Amino acid sequence: MADTRPNKNIPSEQENPLFHDTWKLLKNYRDAVWNLELAVQQVRSTFEIEFGSSIEEFLDSIYLAGADIGGTRLENYARSIV
């Protein structure tokens, strides 16, 4: 079988180690998203059990108390959960 690629120096999709199976990716995407959603729900539940309030209520109380957490790792972490 003759190689009909215009540039023979570029590996084909099958030869390229970065090639991925799009169908497999899409099949697993839904499961990955679901697992991430469950992880966020678990963090929220654990936070409420341990601290007796939601993450949003806790952050509001911190802001009302005058604590300035702007630009800190804590603020970035809290925003990633909310």
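Residue indices begin at 1 and follow the sequence shown. This is a predicted model, so every value here is computed, not measured.
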J.: Measuring from atom CG of Asn28 to atom CG of Asn35, what distance do you get when rounded to the nearest 0.5 angstrom?
T.: 10.5 Å

J.: Quick one: side-chain contact (heavy atoms from CB on, under 4.5 Å) partners of Thr46, sequence neighbours excluded?
T.: Gln42, Glu50

J.: So, using side-chain contact (heavy atoms from CB on, under 4.5 Å) as the criterion, who are the partners of Ser61 when residues are at least two apart?
T.: Phe58

J.: Remaining members of Leu64's ILVMFWY cluster at a side-chain heavy-atom cut-off under 4.5 Å?
T.: none

J.: Can you list the other members of the hydrophobic cluster that holds Val33, where links are side-chain heavy atoms under 4.5 angstrom apart?
T.: Tyr29

J.: Under the side-chain contact (heavy atoms from CB on, under 4.5 Å) rule, collect the residues that match up with Glu57, sequence neighbours excluded.
T.: Ser53, Ser54

